[in-house]
2 protein chains.
Amino acid sequence: MSTILIVDDEQPIRSMVGFALGRAGFELREAADAEQAYAEIDRQRPELILMDWMLPGASGLDIVRRLQRNAETQDIPVIMLTARTEESDKINGFSAGVDDYISKPFSPAELIARIQAVLRRSRNTQPAESLEFAGLALDPLSHRVTANGVELEFGPTEFRLLKFFMQHPDRVYTREQLLDNAWGRNVYVEERTVDVHILRLRKALAPHGCDHYIQTVRGAGYRFSPTA
Amino acid sequence: MSTILIVDDEQPIRSMVGFALGRAGFELREAADAEQAYAEIDRQRPELILMDWMLPGASGLDIVRRLQRNAETQDIPVIMLTARTEESDKINGFSAGVDDYISKPFSPAELIARIQAVLRRSRNTQPAESLEFAGLALDPLSHRVTANGVELEFGPTEFRLLKFFMQHPDRVYTREQLLDNAWGRNVYVEERTVDVHILRLRKALAPHGCDHYIQTVRGAGYRFSPTA
DNA sequence: CCGACCTGTCACGAAACTGACACACTTCTC
DNA sequence: GAGAAGTGTGTCAGTTTCGTGACAGGTCGG
């Protein structure tokens, strides 16, 4: 049973969504503003957040950005609820970590379909279990990496990159694929940037003898393989 | 080679894009408005559409929505050309089936990169299986070759050559065929170069007794046959 | 506003890869 | 057996690819 949090100041919307989700077998919790949202998330981590675009006080995007900065809440998928009248707002939702958008008004069927699509995607890429290979451990939930018991510090990008590698070990990925998976599909950065982050990962891993876990495959890309 | 359709009412833009795409080996067709776009798509299905956001009469998004409703055209990937990064427009576009966005002005390099990324994603890339013959194993996913458990190092060309051989065992290929398949259809290299790479393959395989897997067929070419 | 941190890009040198060539060697033809 | 044709192999320079340090812009908290 998935727990879903809706953050919207309009009570009718919350009711409608609650009704639709209830029929589809989701458990819904509600928040009317940013403060309640933080409180609810803190009380129990939801599996997905439906975030209204306009809220009294803070915009939904502000909340998403703040969630992104927090290691505990960073990987909760978010679906934005937007209204047509706000199209002129300049936003950068996808790069902030928003997984999908739904325009109001929406049908219950569309809502359910999108929620399930996002959940399916995020479950594939976010196993809640800790990943460990030969002394190198990464825990997606606590957002922590340890090598032989010693905690390592990584920036968000390097963390995502290492997480992706550890989720798909022993397989070569091109720079482009790594950009798609650790950066996002809709960002345009130079492929060589991947090299730099690989370097930074290796540098951080080197003191613990784990730098060779990431191998260069000339002409193809990079591979995470702790056994080699 | 891929045929790409650009739908844009500004002739200079079409020319610039045409120039950039021509250099990258794409064939470009042009449409200045919705009517021409439909006509071009109907005449020959393009592999990808570059759609201007603002068009006289209909917006690019309207065209995309209409294409989406038609079974024949709904799976043609679309890249939107937007005047500015109006992210809120992206919201509606992604849900309508737009695959990517490029903000004007854009560089030719970015255009090419995004087109190739979208094309690659939309093409069904079947995961290749691991190939093994008598102790010699090649895994396309991890990009690894092992002989009796020992890992062997190969450059990109030798790897492609060996992969092709192992995908088509027990069959003679001329040097020209090998160049076509392991190098590429439209590259010009001396046929004798194949000999050199065969030599390098054999050299790498020899310490593990696998060098005789590749046989010379005098006057014809080479053959991969582990049993012979 | 400042300073710490994260990020993307660039430039440079090092290393690896590649294709070509020359020559030695084998096989075939007469 | 001689010559011709086809193939094996060592070598080398040009090119490509990668590692790495430096740096500027951005973000965020104070």
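Naming: A, B, ... by sequence-line order, numbering from 1 per chain. Just so you know, these numbers use all the heavy atoms, side chains as well, and skip hydrogens, waters and symmetry mates.
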Is there, by distance only and without an angle test, a donor paired with an acceptor across the side chain of [X] and the base of [N] below 3.5 Å?
X	N	answer
B:R175	D:dG6	no
A:R200	D:dG19	no
A:R218	D:dT17	yes

Rounded to whole Å, please give me the gap between [atom1] in [X] and [atom2] in [N].
X	N	atom1	atom2	value
A:L199	C:dG8	CG	C1'	14 Å
B:R160	C:dC17	CZ	P	12 Å
B:L201	C:dC17	CG	P	13 Å
B:L161	C:dT18	CG	C1'	13 Å
A:E190	D:dT17	CD	P	14 Å
A:E153	C:dC6	CD	P	8 Å
B:F154	C:dC17	CZ	P	11 Å
A:I198	C:dT7	CD1	C1'	15 Å

Can you tell me if [X] touches the phosphate of [N], counting only side-chain N or O atoms and a distance under 4.0 Å to OP1 or OP2?
X	N	answer
B:T157	C:dC17	no
B:H197	C:dG19	yes
A:K203	D:dG19	no
A:T216	D:dT17	no
B:W183	C:dT18	no
A:T193	C:dT9	yes

Pick base, sugar-phosphate or nothing for A:V194, based on heavy-atom distances below 4.0 Å to the nucleic acid.
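No contact.
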At under 4.0 Å between heavy atoms, what does B:R192 touch on the DNA or RNA strands: base, sugar-phosphate, or nothing?
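Base: the residue B:R192, judged by heavy atoms under 4.0 Å, touches a nucleobase.
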As a test of reading the structure: which of C:dC6, D:dG10, D:dT7 is closest to the side chain of B:Y222, going by heavy atoms?
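Shortest atom-to-atom distance from the side chain points to D:dT7.
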Of the listed nucleotides (C:dC17, C:dT9, C:dT7), which one gets closest to any side-chain atom of A:V196?
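Shortest atom-to-atom distance from the side chain points to C:dT9.
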Quick one, [X] and [Y] - any side-chain contact, counting heavy atoms below 4.5 Å?
X	Y	value
A:T174	A:Q177	yes
A:L136	A:F224	yes
B:L5	B:L28	no
A:K163	A:Q167	yes

Would you sort out whether A:D195 and A:R175 count as a salt bridge (charged side-chain N to carboxylate O under 4.0 Å, His left out), showing the intermediate values?
CA-CA 8 Å; A:D195 298 26; A:R175 290 172 175 75; 2.6 Å; yes
Does a donor on one side chain sit under 3.5 Å from an acceptor on the other, for B:R144 and A:S225?
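Note: B:R144 and A:S225 side chains meet the donor-acceptor criterion.
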